Peer 1: 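Can you keep this structure in mind? I'll have questions shortly.
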Amino acid sequence: MHQYFFIKTYGCQMNEYDSEKLNDLLEFNGFKASNNFEDSDIAILNTCHIREKASEKLYSDLGRLSIFKENKKKIGKNMQIIVTGCVAQAEGDEIIKRNKNVDYILGPQNFHKLPGVLKNKKTQKVHSEFSYKQKFDSLVPSAKKNVSKLVTIQEGCDKFCSFCVVPYTRGAEFSRPVEQIFAEIKHLSNNGAKEVTLLGQNVSSYNSEIFEDGVKKKVSLGYLCSIITKINGLKRIRYLTSHPNDIDQNLINEHKENSKMMPFLHLPVQAGSNKILKNMNRKHTREFYLRLIKKIKENVADMAFSSDFIVGYPEETDSDFQETLDLIEKVKFASSYSFKYSARPGTPASIKKIQVSEEVSNKRLEKIQAVLNQYQTQFNLSFLNKTVEVLFSGVGRKNNQFVGRTPHLQPVHVTSNLNIIGKLLKVKLLRLTAFSFHGKLVE
Ligand code: SAH
Ligand code: SF4
Ligand code: F3S
């Protein structure tokens with residue numbers, strides 16, 4: 001009898017990657033994927049701890065799953081509940097204490113242990129070691145074929161921004177070996193992948209080494225990109241997320257010389273005031289950030305930027321916030337994410353005395369989103385009637401409709417009688433709606 005599992009994923013792309021790898025690993029071990037919790041013997045919640053709202057989702061879902069599990073018990077059936085991911089790492093013991101229906105807790109560097117834990121009915125309930133190497137060594141080749149794939153190349157974070165839980169939930173930085181990354185991407189490419197997004201919470205500080213002609217060489221992100229570029233079938237390379245302090249000339253040169261490097265850089269700045277940046281322990285100033293943007297643009301003319309912003313950080317005044325708006329005006333981001341500051345347990349920012357009121361934070365969030373949207377629209381409008389290359393990765397909702405992305409990650413819809421999934425085609429962009437471009441294929 002097969003046991004069925006279902007994974008619900010919260011949070012960032014690193015969690016998405018982990019869920020896919022966990023899925024592959026469970027299937028490899030004889031478990032079967034199901035489409036929902038109702039038909040599952042094993043319910044897995046792969047959680048995110050970044051903001052309070054994200055963590056809360058786990059607890060509300062756990063409540064519902066618990067009732068479901070107890071009802072199943074009444075008819076003689078069982079369902080195991082597993083919590084993985086960043087909340088598992090941060091609050092594993094509390095979760096077990098609060099909810100007796102949870103069977104196992106596995107942090108982000110432990111999910112590879114799940115098949116063994118399930119098969120051997122392990123007594124240890126909480127697994128929170130930082131076993132990076134063992135994890136990556138245990139992963140099996142991906143079974144799911146997609147045009148665009150995520151590949152984690154680096155785990156953890158050594159930056160310790162004052163507001164952030166990631167260094168605690170994912171641990172210290174760890175870079176995967178070049179050979180392992182190359183083999184994984186080669187496999188994906190053989191299975192039809194045309195684009196890869198290299199992942200790390202601090203991907204631009206990727207740091208490894210290889211032997212070339214008997215000589216040991218350091219491998220930074222730029223160099224790694226030049227190595228995986230040699231995979232013929234691979235057409236596009238992206239990476240996420242970069243810290244401004246780690247963008248080196250090597251990486252910029254790679255963008256300049258390698259046409260597979262997409263001209264779109266997610267480079268979170270968080271805030272525009274030096275006082276707040278200092279309090280955040282970001283270790284860079286607004287001037288440094290603006291100079292970096294200028295330097296990259298001088299080297300790579302068509303590079304577009306996106307960022308993350310936090311509003312309502314402790315001690316943020318109106319004039320600090322104004323400086324953030326001013327920085328946005330200077331950079332004119334192509335897109336961005338903005339968040340209301342959320343105090344996270346165990347972080348230095350959470351014990352700051354002067355917290356910004358909910359009301360003020362809400363107002364600032366509304367304002368920043370309006371401004372960011374305006375620049376996003378402005379950026380997109382500048383592409384109307386232009387012809388760009390689109391990599392098609394899926395179907396749209398309408399008949400014969402296909403969806404793809406431009407080099408700048410803008411979604412594009414076209415109609416075609418032929419199946420164009422996996423193809424890189426020239427498209428003239430004719431119309432812009434709230435969520436996407438609509439265009440026509442150019443012969
Ligand atoms: N490693 C990346 C992203 C980390 S998490 C980086 O350094 O940029 C993604 C985003 O969540 C962050 O960029 C930040 O904007 C936001 N974030 C992190 N902690 C937060 C908190 N406590 N409250 C609100 N937003 C937060
Ligand atoms: Fe968090 Fe800062 Fe590390 Fe990004 S760089 S993961 S925001 S601590
Ligand atoms: Fe969330 Fe962990 Fe990613 S806290 S944002 S799932 S690294």
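The structure presented is a predicted model; accordingly, all values stated were derived computationally and were not measured. All residue numbers refer to positions in the sequence shown, counting from 1.
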Peer 1: With sequence neighbours excluded, what pairs up with Lys260 under the salt bridge (Lys or Arg N to Asp or Glu O under 4.0 Å) test?
Peer 2: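 Lys260 satisfies salt bridge (Lys or Arg N to Asp or Glu O under 4.0 Å) with no other residue.
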
Peer 1: Please check if atom NZ in Lys332 has more than 12 non-hydrogen atoms from other residues, nucleotides or ligands closer than 6.0 Å.
Peer 2: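 Yes, enclosed.
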
Peer 1: Can you tell me if Ser131 uses its side chain to pair, donor with acceptor, with the backbone of Gln134 under 3.5 Å?
Peer 2: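 No, Ser131 side chain to Gln134 backbone: no donor-acceptor pair under 3.5 Å.
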
Peer 1: For atom NZ of Lys283, is the number of surrounding heavy atoms from other residues, nucleotides or ligands below 6.0 Å larger than 12?
Peer 2: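 Buried by this count: over 12 neighbours within 6.0 Å.
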
Peer 1: How far apart are the closest heavy atoms of Phe160 and Pro167, and which atoms are they?
Peer 2: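 Shortest heavy-atom contact: CE2-CB, 3.5 Å.
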
Peer 1: Can you find a side-chain donor-acceptor pair between Asn99 and Ser66 that sits under 3.5 Å?
Peer 2: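 The answer is yes; a qualifying pair exists.
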
Peer 1: With heavy-atom distances below 4.5 Å as the criterion, would you say the side chains of Lys330 and Asp326 are in contact?
Peer 2: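 Heavy-atom side-chain distance check passes, below 4.5 Å.
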
Peer 1: For the side chain of Ser336 and the backbone of Ser306, is there at least one donor-acceptor N/O pair under 3.5 Å apart?
Peer 2: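 Looks like no, no N/O pair under 3.5 Å.
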
Peer 1: Can you name the residues that form a salt bridge (Lys or Arg N to Asp or Glu O under 4.0 Å) with Glu287, not counting sequence neighbours?
Peer 2: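 If we apply the salt bridge (Lys or Arg N to Asp or Glu O under 4.0 Å) test to Glu287, skipping adjacent residues, there are no hits.
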
Peer 1: Using side chain to side chain contact (heavy atoms under 4.5 Å, CB included) as the criterion, list what pairs up with Ala343, not counting sequence neighbours.
Peer 2: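 Only Tyr341, Ser350 meet the side chain to side chain contact (heavy atoms under 4.5 Å, CB included) criterion with Ala343.
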
Peer 1: Got a sec, which pairs hit side chain to side chain donor-acceptor pair (under 3.5 Å) with one end in residues 426-439, sequence neighbours left out?
Peer 2: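 Every side chain to side chain donor-acceptor pair (under 3.5 Å) pair that includes a residue of residues 426-439, provided the two are not neighbours, is His413-Ser436.
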
Peer 1: Crowded around Tyr17 OH? As in, over 12 foreign heavy atoms under 6.0 Å?
Peer 2: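 Result for OH/Tyr17: enclosed.
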
Peer 1: Any sub-3.5 Å donor-acceptor pair from Asn274's side-chain atoms to Arg286's backbone N or O?
Peer 2: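 At least one qualifying donor-acceptor pair exists.
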
Peer 1: Please, which pairs that meet side chain to side chain donor-acceptor pair (under 3.5 Å) have at least one residue in residues 373-386, sequence neighbours excluded?
Peer 2: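 The answer is Asn380-Gln410.
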
Peer 1: When you check the side-chain N and O atoms of Ser162 and Lys352, is any donor under 3.5 Å from an acceptor?
Peer 2: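 No, because no side-chain N or O of Ser162 sits under 3.5 Å from a partner of the opposite role on Lys352.
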
Peer 1: How about Glu195 and Ser148: does a side-chain donor come under 3.5 Å of a side-chain acceptor?
Peer 2: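 Present: a donor and an acceptor within the cut-off.
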
Peer 1: Any side-chain to backbone donor/acceptor pair from Asn46 onto Asn15? Under 3.5 Å, distance only.
Peer 2: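 Looks like yes, one N/O pair under 3.5 Å.
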
Peer 1: Tell me if a side-chain donor or acceptor on Asn362 pairs with a main-chain N or O of Glu358 at a distance below 3.5 Å.
Peer 2: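 Yes, Asn362 side chain to Glu358 backbone: donor-acceptor pair under 3.5 Å.
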
Peer 1: Not counting sequence neighbours, which residues clear ring-ring contact (aromatic ring centres under 6.0 Å, His included) with Phe6? List them please.
Peer 2: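 Expected list: Phe37.
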
Peer 1: Return the set of residues passing side chain to side chain contact (heavy atoms under 4.5 Å, CB included) with Gln124 (not counting sequence neighbours), or none when no residue passes.
Peer 2: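 By the side chain to side chain contact (heavy atoms under 4.5 Å, CB included) rule, Gln124 matches His127, Glu129.
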
Peer 1: Using the rule given for side chain to side chain contact (heavy atoms under 4.5 Å, CB included), can you reason through Ile50 versus Tyr10, listing the C-alpha separation, both sets of side-chain angles and the distance that settles it, and then say yes or no?
Peer 2: CA-CA 10 Å; Ile50 202 79; Tyr10 315 71; over 6 Å; no

Peer 1: Please determine whether the number of non-hydrogen atoms from other residues, nucleotides or ligands lying under 6.0 Å from atom NZ of Lys278 exceeds 12.
Peer 2: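 For Lys278, atom NZ is not crowded (no more than 12 foreign heavy atoms under 6.0 Å).
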
Peer 1: Please name the pair of heavy atoms, one in Leu150 and one in Gln13, separated by the smallest distance, quoted to 0.1 Å.
Peer 2: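 For Leu150 and Gln13, the tightest heavy-atom pair comes out as CD1-O, 3.7 Å.
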
Peer 1: Does Tyr59 have more than 12 heavy atoms from other residues, nucleotides or ligands lying within 6.0 Å of its OH?
Peer 2: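 It does: Tyr59 OH has more than 12 such atoms within range.
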
Peer 1: Any salt bridge linking Lys149 with Glu20? Criterion: basic side-chain nitrogen under 4.0 Å from a carboxylate oxygen.
Peer 2: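 Answer for the salt bridge query: yes.
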
Peer 1: Which one of Glu389, Lys194, Lys423 satisfies the side-chain contact (heavy atoms from CB on, under 4.5 Å) criterion with Lys235?
Peer 2: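 The side-chain contact (heavy atoms from CB on, under 4.5 Å) with Lys235 is passed solely by Lys194 among Glu389, Lys194, Lys423.
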
Peer 1: First locate atom CZ of Arg176, then atom CD1 of Ile153, and finally report the distance between them rounded to the nearest 0.5 Å.
Peer 2: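 The CD1 atom of Ile153 is 9.0 Å from CZ of Arg176, to the nearest 0.5 Å.
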
Peer 1: Between Phe379 and His408, is the ring centroid distance below 6.0 Å?
Peer 2: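 For Phe379 and His408, the ring centres are under 6.0 Å apart.
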
Peer 1: Take Phe163 and Phe339 through the test ring pair (Phe, Tyr, Trp, His ring centres under 6.0 Å) and record every step on the way to the result.
Peer 2: CA-CA 12 Å; Phe163 50 83; Phe339 311 99; 9.9 Å; no

Peer 1: For a side-chain contact (heavy atoms from CB on, under 4.5 Å) with Val166, tell me which candidate from Cys12, Cys161, Cys157 qualifies.
Peer 2: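 Passing option: Cys157.
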
Peer 1: Is the side chain of Ser361 donor-acceptor paired with the backbone N or O of Lys340 at a distance under 3.5 Å, no angle test?
Peer 2: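 Such a contact is absent between Ser361 side chain and Lys340 backbone.
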
Peer 1: Tell me every residue that passes salt bridge (Lys or Arg N to Asp or Glu O under 4.0 Å) with Glu94, counting only those two or more places apart in sequence or in another chain.
Peer 2: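 Salt bridge (Lys or Arg N to Asp or Glu O under 4.0 Å) check on Glu94 returns nothing, list empty.
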
Peer 1: Please step through side-chain hydrogen bond (donor to acceptor under 3.5 Å, both in side chains) for the pair Glu173 and Ser205, ending with a clear verdict.
Peer 2: CA-CA 9 Å; Glu173 278 177 21; Ser205 71; 3.0 Å; yes

Peer 1: Apply side-chain hydrogen bond (donor to acceptor under 3.5 Å, both in side chains) to residues Ser55 and Arg344 and explain how you reach the verdict.
Peer 2: CA-CA 10 Å; Ser55 299; Arg344 305 307 293 131; 2.9 Å; yes

Peer 1: Ignoring hydrogens and geometry beyond distance, is a side-chain donor-acceptor pair present between Ser342 and Glu52 at under 3.5 Å?
Peer 2: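 On atom types as modelled, these side chains do not qualify, holding no pair under 3.5 Å.
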
Peer 1: Specify the closest pair of heavy atoms between Pro108 and Asp18, including all atoms of both residues, with the distance to one decimal.
Peer 2: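 Pro108 and Asp18 have their closest heavy atoms at O-OD2, 4.2 Å.
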
Peer 1: Please list, chain by chain and in numerical order, all residues satisfying side chain to side chain contact (heavy atoms under 4.5 Å, CB included) with Asn36, sequence neighbours excluded.
Peer 2: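 Once residues adjacent in sequence are excluded, the partners of Asn36 under the side chain to side chain contact (heavy atoms under 4.5 Å, CB included) criterion are Ser34, Glu38, Asp39.
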
Peer 1: Just jot down the salt bridge (Lys or Arg N to Asp or Glu O under 4.0 Å) partners of Glu27, sequence neighbours excluded, or say none.
Peer 2: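 Residues passing salt bridge (Lys or Arg N to Asp or Glu O under 4.0 Å) with Glu27: none at all.
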
Peer 1: Taking only residues at least two apart or on different chains, which pairs with a member in residues 363-384 satisfy salt bridge (Lys or Arg N to Asp or Glu O under 4.0 Å)?
Peer 2: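 Of all non-adjacent pairs touching residues 363-384, those that pass salt bridge (Lys or Arg N to Asp or Glu O under 4.0 Å) are Glu316-Arg364, Asp318-Arg364, Glu359-Lys363.
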
Peer 1: Give a yes or no on whether a salt bridge exists between Arg64 and Asp61, defined as a side-chain N under 4.0 angstrom from a carboxylate O.
Peer 2: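 Result for this pair is yes, salt bridge flagged.
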
Peer 1: Got a donor-acceptor contact below 3.5 angstrom from the Tyr289 side chain to the Ala271 backbone?
Peer 2: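 No: the side chain of Tyr289 does not pair with the backbone of Ala271.
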
Peer 1: Checking Asp320 against Tyr313: is there a side-chain donor and acceptor pair closer than 3.5 Å?
Peer 2: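 Short answer, no.
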
Peer 1: Below 4.5 Å, heavy atoms only, C-beta onward: do Val371 and Glu329 meet side chain to side chain?
Peer 2: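 Of all side-chain heavy-atom pairs linking Glu329 with Val371, none is under 4.5 Å.
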
Peer 1: Test of understanding: with side chain to side chain contact (heavy atoms under 4.5 Å, CB included), list the residues that count as partners of Leu409, not counting sequence neighbours.
Peer 2: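 Leu409 satisfies side chain to side chain contact (heavy atoms under 4.5 Å, CB included) with Arg238, Phe264, Arg405 once adjacent residues are dropped.
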
Peer 1: Between Glu91 and Arg98, is the closest basic N to carboxylate O distance under 4.0 Å?
Peer 2: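 A salt bridge is absent here (no side-chain N lies under 4.0 Å from a carboxylate O).
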
Peer 1: Test Asp137 against Gln180 for side-chain hydrogen bond (donor to acceptor under 3.5 Å, both in side chains), laying out the working first.
Peer 2: CA-CA 9 Å; Asp137 288 348; Gln180 200 182 52; 3.1 Å; yes

Peer 1: Heavy atoms only: give me the nearest Pro314-Gln355 pair and the separation to one decimal.
Peer 2: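 Scanning both residues, the minimum pair turns out to be CG-OE1, 3.7 Å.
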
Peer 1: Is any side-chain heavy atom of Phe31 closer than 4.5 Å to one of Asp41?
Peer 2: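 They are not in contact (no side-chain heavy atoms under 4.5 Å apart), so the answer is no.
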
